[in-house]
Amino acid sequence: MSDALHRVPLHARHVELGGRMVPFAGFEMPVQYQGIKDEHLAVRSSAGLFDVSHMGEVEVRGPDAIAAVDALVTNNVRGLVDGQALYTVMCAPDGGIVDDLIVYRLAEDHVFICVNAANRHKDVAFMREYLPSLNATLEDTSDAYVQLALQGPKAEALLQPLVSDAELSAVKFFRCAWMHVAGVNALVARTGYTGEDGFELYIPAEGGATIFDALVERYVPEDLTMCGLGARDTLRLEARLPLYGQDLSAQINPLEAGLSWVVKLDAGHDFVGKAALEAIKAKGVARRLRGFKLEGRGVLRPGYPIFVDDAQVGELTSGGYAPTLDASIGLGYIDTEHTDVERAEVEIRGRRLPVQVSKKPFYSRPR
């Protein structure tokens, strides 16, 4: 792969709209438009539009497509019905996380997978190496799609007028369906990475600009705010959604990451890493992921050490300012024997400052 940065199909539109473009995962991506805090709060109160076309897509087709994907991931794909999505992880034989994924069952013979941008090529190579000898084919179709994320409490109301052949209210959480949006046939999924209601749209690349322009021209700036990767990170952190490369990695297994709920050891089939995860579960994990909220002034950052009394018991993996909470928050791993403490200290530039410790998301949207 060339070291040159790639550009998403809508790059010129982001520049025209004032997007500040930065390198991310091999792409030039908008990090912000009017400011991370404003974009963050707009998603919490109204709706925001993200271009996440840097994410990768992989499609598995064939009579054994579902069984083939089940052999690669820890969750139970064969338990899905058509049009249902599933969060899962893909693990190496030693149980370390290769990537976290969203898997969509589109049909009995068609599984659609969304992978992290930075992991696209690694994931595809891993999938090809471990894909079982079944009647299924795997194709990296990342370049065939524009991916938009429309997130926020007004997302359904804003998108519905552009949909000509479906009722979005019928698309429940973690469900998806093909429908015509601004005349373009797109896969619309009620999923997202912000903690809000909303949709992720997988659009054939040639139709991406049509849907993007329809949303921008109709709703920006009154009801819809253009958002960059900066707000995406603060939103996901408030919702306690882990970020691969920081909170998840090949050196972290899903049991210590709090993702036991996506590891189906009793599903009745084998998958890569199953034996290692069974052994880890039997022995018990040495550390667990927790949330931290700074009690005073300062900003939590990845890499800051965590202390209980005078002992360092862990390290932050994510951190930053949370606009909804007006506080600094973070995620990090601490030794198992200390995971039930309610308070700890984080060392920031030589000073240890008190933090609250929590197992729960910092923010949950009103239901």
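In terms of modelled atom types and a separation under 3.5 Å, the side chain of Lys172 and the main chain of Ser169 share a donor-acceptor contact. Listed for the Gln356 side chain is no donor-acceptor partner under 3.5 Å among the backbone atoms of Ser358. At least one donor-acceptor pair closer than 3.5 Å links the side chain of Thr336 to the backbone N or O of Val285. Here the side chain of Arg105 pairs a donor or acceptor atom with the backbone of Leu80 at under 3.5 angstrom. No side-chain donor-acceptor contact under 3.5 Å links Asn116 to the backbone of Ala118. At least one donor-acceptor pair under 3.5 Å links the side chain of Thr317 to the backbone N or O of Leu331. The main-chain N or O of Cys114 is never found under 3.5 Å from a side-chain atom of Glu57 such that the two would form a donor-acceptor pair. Side chain of Ser249 to backbone of Gly245: no donor-acceptor contact under 3.5 angstrom is found. Counting only distance, with no hydrogens or angles, the side chain of Tyr244 and the backbone of Leu101 share no donor-acceptor pair below 3.5 Å. The backbone N or O of Ala214 sits nowhere less than 3.5 Å from a side-chain atom of Glu217 that would complete a donor-acceptor pair.
With contacts defined as side-chain heavy-atom distances shorter than 4.5 Å, the pair Val111/Ile66 qualifies. At a threshold of 4.5 Å between non-hydrogen side-chain atoms, the residues Met90 and Phe126 count as touching. Side-chain contact between Arg20 and Tyr33: absent, with no pair of heavy atoms (C-beta onward) separated by less than 4.5 Å. Val313 has its side chain out of reach of Phe307: every pair of non-hydrogen atoms, C-beta onward, lies at least 4.5 Å apart. Here the side chains of Asn75 and Val263 are not in contact, with every heavy-atom distance at 4.5 Å or above. Here the side chains of Val146 and Val8 are not in contact, with every heavy-atom distance at 4.5 Å or above. Using a 4.5 Å heavy-atom cutoff, the side chains of His11 and Glu28 are in contact. Between Asp99 and Val89, the closest side-chain pair of non-hydrogen atoms is not below 4.5 Å.
Summarising the geometry of Tyr130 relative to Pro93, their closest heavy-atom pair is OH-CG, 3.4 Å, with the distance given to 0.1 Å. The heavy-atom pair separating Leu49 from Val216 by the smallest distance is CD2-CG2, 4.1 Å. Listed here is the closest heavy atom pair of Ala257 and Leu289: O-CD2, 3.8 Å. Closest approach of Ser318 to Leu237, counting heavy atoms only: CB-CD1, 3.9 Å. Heavy-atom minimum distance, Ile329 versus Leu300: C-CD1, 3.6 Å. Residues Ala47 and Leu150 share a closest heavy-atom pair of CB-CD1, 4.4 Å.
Arg61 and Asp109 are not joined by a salt bridge, as no carboxylate oxygen comes within less than 4.0 angstrom of a charged side-chain nitrogen. A salt bridge does not link Lys264 to Asp70: none of the charged side-chain nitrogens sits closer than 4.0 Å to a carboxylate oxygen. Between Arg352 and Asp309 no salt bridge is recorded (no basic side-chain N to carboxylate O distance below 4.0 Å). Electrostatic pairing of Glu196 and Arg365 does not count as a salt bridge here, judged by no charged N lying under 4.0 Å from a carboxylate O. The pair Glu200-Arg190 fails the salt-bridge criterion, with no side-chain N (NZ, NE, NH1 or NH2) lying under 4.0 Å from an Asp/Glu carboxylate O.
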Next on the checklist: side-chain contact (heavy atoms from CB on, under 4.5 Å), that's the test. Do Glu139 and Val60 meet it? Break it down for me.
Outcome noted: CA-CA 6 Å; Glu139 182 180 9; Val60 181; over 6 Å; no
Next on the checklist: What verdict does the salt bridge (charged side-chain N to carboxylate O under 4.0 Å, His left out) test give for Asp340 and Lys359, after you've listed the backbone C-alpha separation in whole Å, the side-chain angles of each residue and the deciding distance to 0.1 Å?
Outcome noted: CA-CA 9 Å; Asp340 291 329; Lys359 302 177 183 178; 3.5 Å; yes
Item to check | Check against side-chain contact (heavy atoms from CB on, under 4.5 Å), Tyr219 and Lys154 | outcome: CA-CA 11 Å; Tyr219 297 123; Lys154 294 185 179 178; over 6 Å; no
Next on the checklist: With ring pair (Phe, Tyr, Trp, His ring centres under 6.0 Å) as the criterion, how do Phe212 and His14 come out once you've worked through the C-alpha distance, each side chain's angles and the decisive distance to 0.1 Å?
Outcome noted: CA-CA 11 Å; Phe212 181 86; His14 298 308; 5.5 Å; yes
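No chain of hydrophobic side-chain contacts below 4.5 Å, direct or via other Ile, Leu, Val, Met, Phe, Trp or Tyr residues, connects Leu134 to Val272. Cluster membership check: Val171 shares its hydrophobic cluster with Leu148, using side-chain heavy-atom separations under 4.5 Å among Ile, Leu, Val, Met, Phe, Trp and Tyr. Connection of Phe112 to Phe173 is established within a shared hydrophobic cluster, with ILVMFWY side chains joined at heavy-atom distances below 4.5 Å, either directly or through further cluster members. Residues Leu86 and Leu259 fall into different hydrophobic clusters, defined by Ile, Leu, Val, Met, Phe, Trp and Tyr side chains chained together at heavy-atom separations under 4.5 Å. When the side chains of ILVMFWY residues are joined at heavy-atom separations under 4.5 Å, either directly or via intervening members, Leu158 and Leu17 end up in a single hydrophobic cluster.
Using modelled atom types, one finds no donor on one side chain facing an acceptor on the other under 3.5 Å when comparing Asp223 with Ser46. Side chain to side chain, His110 and Tyr104 fail the donor-acceptor criterion of an N or O pair below 3.5 Å. Between the side chains of Asp64 and Asn135, no donor-acceptor pair is found at a separation under 3.5 Å. Between Tyr145 and Glu59, the side chains place a donor N or O and an acceptor N or O closer than 3.5 Å (distance only, hydrogens not considered). Inspection of the Asp100 and Tyr87 side chains reveals an N or O donor paired with an N or O acceptor under 3.5 Å. Donor-acceptor pairing under 3.5 Å is lacking for the side chains of Thr225 and Glu39.
Here side chain to side chain donor-acceptor pair (under 3.5 Å) pairs that include residues 282-294, with residues two or more places apart or in two chains, are Glu256-Arg287. Listed by first and then second residue, the side chain to side chain donor-acceptor pair (under 3.5 Å) pairs that reach into residues 319-328 are His40-Thr324, Arg44-Thr324, Glu238-Thr324, Tyr321-Asp326, sequence neighbours excluded.
With rounding to the nearest 0.5 Å, the separation of NZ in Lys281 from CG in Leu277 is 10.0 Å. Atom OH in Tyr304 sits 10.5 Å away from atom CG in Leu294 (nearest 0.5 Å). The line from CG of Leu215 to CG of Leu201 is 7.5 Å long, rounded to the nearest 0.5 Å. Note that CZ of Phe50 and CD of Gln147 are 12.0 Å apart. Values are rounded to the nearest 0.5 Å.
By the 6.0 Å contact criterion, NZ on Lys122 is enclosed, its count of non-hydrogen atoms from other residues, nucleotides or ligands being greater than 12. More than 12 heavy atoms of other residues, nucleotides or ligands lie within 6.0 Å of CD in Glu278, so this atom counts as buried by the packing criterion. Counting heavy-atom neighbours within 6.0 Å of Arg236 CZ, excluding the residue itself, gives a total above 12.
Grouping Ile, Leu, Val, Met, Phe, Trp and Tyr by side-chain contacts under 4.5 Å, direct or through others, puts Val22 with Val31.
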